[in-house]
2 protein chains.
Amino acid sequence: MKRPTMKDVARVAGVSPMTVSRVVSGEAGVAPDTAARVEQAVRRLGYQRNDNARHLRQKDLGTSTIGLVVDDLANPFYALMARSVEDEAHRRGYVVLVGSTNDEPRREREVIAAFTARQVDGLILVPTIGGHGFLKQPMRAGTRVVCVDRPARGLAVDTVTVDNRAGARRAVTHLLDHGHTRIAYLGDRYDIWTQAERHAGYVAALTDRGLPSDPALVRHGLRSREGTHAALAELRELADPPTAVFTSNDLITLGVLDGVGHPPDVAVVGFDDLPLGERLDPPLTVVSQDPVALGGTAANLLFSRIEGDSSAPRSVILLTRFVERGSGRLPGRNL
Amino acid sequence: MKRPTMKDVARVAGVSPMTVSRVVSGEAGVAPDTAARVEQAVRRLGYQRNDNARHLRQKDLGTSTIGLVVDDLANPFYALMARSVEDEAHRRGYVVLVGSTNDEPRREREVIAAFTARQVDGLILVPTIGGHGFLKQPMRAGTRVVCVDRPARGLAVDTVTVDNRAGARRAVTHLLDHGHTRIAYLGDRYDIWTQAERHAGYVAALTDRGLPSDPALVRHGLRSREGTHAALAELRELADPPTAVFTSNDLITLGVLDGVGHPPDVAVVGFDDLPLGERLDPPLTVVSQDPVALGGTAANLLFSRIEGDSSAPRSVILLTRFVERGSGRLPGRNL
DNA sequence: CCCGGGGTTGGTAACGTTCCCAGCGAATCC
DNA sequence: GGATTCGCTGGGAACGTTACCAACCCCGGG
């Protein structure tokens, strides 16, 4: 029981495959009654065109497929981005292949290779720290690439990011404004660009006030709620423990909130927003970014490239939003 | 500047395309030094096999591509499912096309048509209310289909769901146990299977105690936080307002929490868990389901079908977990 | 010395589609 | 009325790959 082909439809309709092709692709120049006969045969056989074969033959047209490669599709941040990309793609008649890298260069290579082997017209990429030389050849052959959330070192392509550094700096300045001087930084792997940027913003805010960054208050590489618990516990053991914590992503914010008591004994400001942040006691102050805008912008850039724009690579930097709700003031001495 | 083909590699290596094919596909029976020459040419040209052409020729083998069609990829629940599906696919060397339906039958048809036109080997589907007759032909032709989260009416395929009805009944029983008798139901569109099931569980719990379901306390069709605010406000206007609310998904739970005051004046139990639920005051009591298990189970079923299992369609029902944290007891009269 | 066989390699056709061009009848034009 | 054009249709080739089979080389056995 195989799929019917154009040949089958042609036989049933009593025409040549070429005519079927024309009807199925909606080309002009087929007599109305011939077209009707073909359409009837199509319906009768349940025929559907094989787009892989089609794209193989059509040289100039692409495959109407793009690839989206993110760190972790289960992360709500990337999920929102993905949905936004998918909507733009759907609007234009494209489909989207997705893959998660787990921030592992090897898996990134595997996923991208699988996508380019299927002749995707473009890639939207949250790059890992690994090299991207393997993209050179597909790019020469016409695959467009856009980076989002982070730039890829040594890859001259359109890139959409947010002002991580400024956002973090703003958040830490807020903590300083409320009298905190011992402020901890809890972040994910330092080799992730966004994390390094946010750490730089943390340091910059301290430097603005002439304060040094105490290495004892800085923890990198936190990848889980549990890991964050341990880091927080260690900070509490210090002779001079922090009175405030800047957390550099959602997962870490959650981990810290697990350990700050009711009511909290430590001020917290986090990067990324959480759905219930405003319902906490005290409500959570955050630096929020807009994943839908990130994904949408990246998709629009990619499609304009696919449609032929070949100007110099652009870099788009979106703004973060500082949302002050209260958690940065506690247990502030000046309030 | 085109992509190199096997012919190009063959010319550079001084062999026939057939030999290149053998080397690239790792077939045995090529002399070691010939293979080395080919591999060198591959590297020199940056050659990558065109898997679309490959799958076109290989009749019995598939495309190593599956499609995942969910309601909304941005929903954390489906995002977790998607990641779980993607992991299983990646493990087996498959790639995943994703699409969101928005619960619109028309968009579902479009997305699925785009996927089957690309000859996906299988589909994991969160079906909308619409008919699925258009799947008959692809299924006859070998495309395997598995439904997840909801069954598709009139489609005899493997289906993975959770015990929505039992979960809802358990939650509402909990509210009854704590003295509530005026319990509202706030749900999404009633034509979504999960929502109808959860409503049935709500009614069943009331019936268990000989209580009628007051239509004034039931609101269907809530699709946003804002819509939920309005529904909650209406309920408050009633002469005999509810003292407890059962919310039938995450988004509605969030909407209700927006409107219950600090501290809350209404007990709340929700379907689906929220990341910060345990940090609320009082902590949120929920019926939690496991999207990773749902996705993983569906993927495993699909791949066993793809690998040839042709037994009768199975129906897998996963259990929900009732997580009692406190929000169902307030402002309970018996406590 | 000739024949058979294993190990390598290449030629041809085919997967399902579309591009390009030729063919054909009818209609149009002077 | 003959030539030209137009509208419609079909035949052959090609996209990049692999299945299938034939050919070739070299070796050992009879």
Side-chain angles (χ1 to χ4, degrees), chain A residues 2-39 41-42 45-64 116-121 137-138 141-142, chain B residues 2-39 41-42 45-64 116-121 137-138 141-142:
Chain A
K2 295 191 359 168
R3 294 185 135 80
T5 72
M6 282 193 173
K7 224 175 286 184
D8 300 320
V9 177
R11 198 178 316 115
V12 169
V15 297
S16 79
M18 200 49 237
T19 301
V20 177
S21 170
R22 278 192 267 258
V23 173
V24 169
S25 298
E27 277 178 46
V30 178
D33 56 337
T34 309
R37 271 214 324 288
V38 170
E39 270 154 17
V42 164
L45 297 179
Y47 170 77
Q48 190 184 23
R49 184 176 58 198
N50 180 336
D51 276 356
N52 287 344
R54 170 171 216 232
H55 295 134
L56 175 62
R57 184 62 180 90
Q58 288 188 329
K59 210 67 227 293
D60 39 345
L61 257 26
T63 54
S64 295
T116 53
R118 286 170 178 75
Q119 316 294 110
V120 291
D121 297 334
Q137 175 55 33
Chain B
K2 295 189 1 169
R3 290 184 139 79
T5 71
M6 283 196 172
K7 225 176 284 186
D8 300 319
V9 176
R11 198 177 318 113
V12 170
V15 297
S16 80
M18 202 48 237
T19 301
V20 177
S21 171
R22 278 191 269 257
V23 172
V24 168
S25 299
E27 277 178 44
V30 177
D33 55 337
T34 309
R37 270 213 324 288
V38 170
E39 270 154 17
V42 164
L45 296 179
Y47 170 76
Q48 191 184 20
R49 184 176 57 198
N50 180 336
D51 276 358
N52 286 345
R54 171 171 215 232
H55 296 133
L56 175 61
R57 183 60 180 89
Q58 289 186 328
K59 208 65 226 273
D60 39 347
L61 257 27
T63 54
S64 295
T116 54
R118 286 171 178 76
Q119 316 293 110
V120 292
D121 297 334
Q137 176 55 32

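Computed over heavy atoms, backbone and side chain alike; hydrogens, waters and symmetry mates excluded. Letters A, B, ... mirror the listed sequences (proteins, then strands); counts begin at 1.
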Can you give me the closest heavy-atom contact between [X] and [Y], atom names plus distance?
X: Gln48(B); Y: Thr116(A); answer: OE1-OG1, 2.9 Å
X: Glu39(B); Y: Val23(B); answer: OE2-CG1, 3.9 Å
X: Gln137(A); Y: Gly46(B); answer: CG-O, 3.0 Å
X: Val120(A); Y: Thr63(A); answer: CA-OG1, 3.8 Å
X: Asp121(B); Y: Ser64(B); answer: OD2-N, 2.8 Å

Taking OP1 and OP2 of [N], is either one under 4.0 Å from a side-chain nitrogen or oxygen of [X]?
X: Ser16(A); N: dT9(D); answer: no
X: Tyr47(A); N: dG16(C); answer: no
X: Ser25(B); N: dT18(D); answer: yes
X: Thr19(A); N: dT9(D); answer: no

What is the distance, rounded to the nearest whole Å, between atom [atom1] of [X] and atom [atom2] of [N]?
X: Met6(A); N: dG16(C); atom1: CE; atom2: C1'; value: 8 Å
X: Glu27(B); N: dT17(D); atom1: CD; atom2: P; value: 14 Å
X: Arg11(B); N: dG10(C); atom1: CZ; atom2: P; value: 14 Å
X: Arg3(A); N: dT17(C); atom1: CZ; atom2: P; value: 10 Å
X: Asp33(A); N: dG7(D); atom1: CG; atom2: P; value: 16 Å
X: Asp51(B); N: dC15(C); atom1: CG; atom2: P; value: 20 Å
X: Arg22(A); N: dT17(C); atom1: CZ; atom2: C1'; value: 13 Å
X: Leu61(A); N: dC19(C); atom1: CG; atom2: P; value: 8 Å

Heavy-atom nearest nucleotide on DNA chain C for Gly29(B) versus Pro17(A): which residue maps closer to 5'?
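Nearer the 5' end of the strand: Gly29(B).
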
Between Ala35(B) and Gln58(B), which is nearer to the 5' end of DNA chain C once each is assigned its nearest nucleotide?
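Upstream on the strand: Ala35(B).
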
Check every atom of [options] against the side chain of [X] and return the nucleotide holding the closest atom.
X: Arg57(A); options: dT8(C), dC20(D), dA13(D); value: dA13(D)
X: Lys7(A); options: dT17(D), dC19(C), dC15(C); value: dC15(C)
X: Ser21(B); options: dT18(D), dG16(D), dG11(D); value: dT18(D)
X: Arg54(A); options: dG16(C), dT17(C), dT9(C); value: dT17(C)
X: Met18(B); options: dC15(C), dG10(C), dT17(D); value: dG10(C)

Using a 4.5 Å cut-off on heavy atoms from C-beta on, say whether the side chain of Arg118(B) contacts that of His55(A).
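In contact.
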
Heavy atoms, side chains only, cut-off 4.5 Å: are Val42(B) and Val38(B) in contact?
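A side-chain contact under 4.5 Å exists here.
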
Axis-to-axis angle between the two ends of the helix from dC1(C)-dG30(D) to dC30(C)-dG1(D) (five base pairs per end, rounded to 10 degrees)
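It works out to 60° between the end axes.
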
Do Asp51(B) and Arg54(B) pass the salt bridge (charged side-chain N to carboxylate O under 4.0 Å, His left out) test, and can you show the C-alpha distance, the side-chain angles, and the key distance before you say yes or no?
CA-CA 5 Å; Asp51(B) 276 358; Arg54(B) 171 171 215 232; 5.0 Å; no

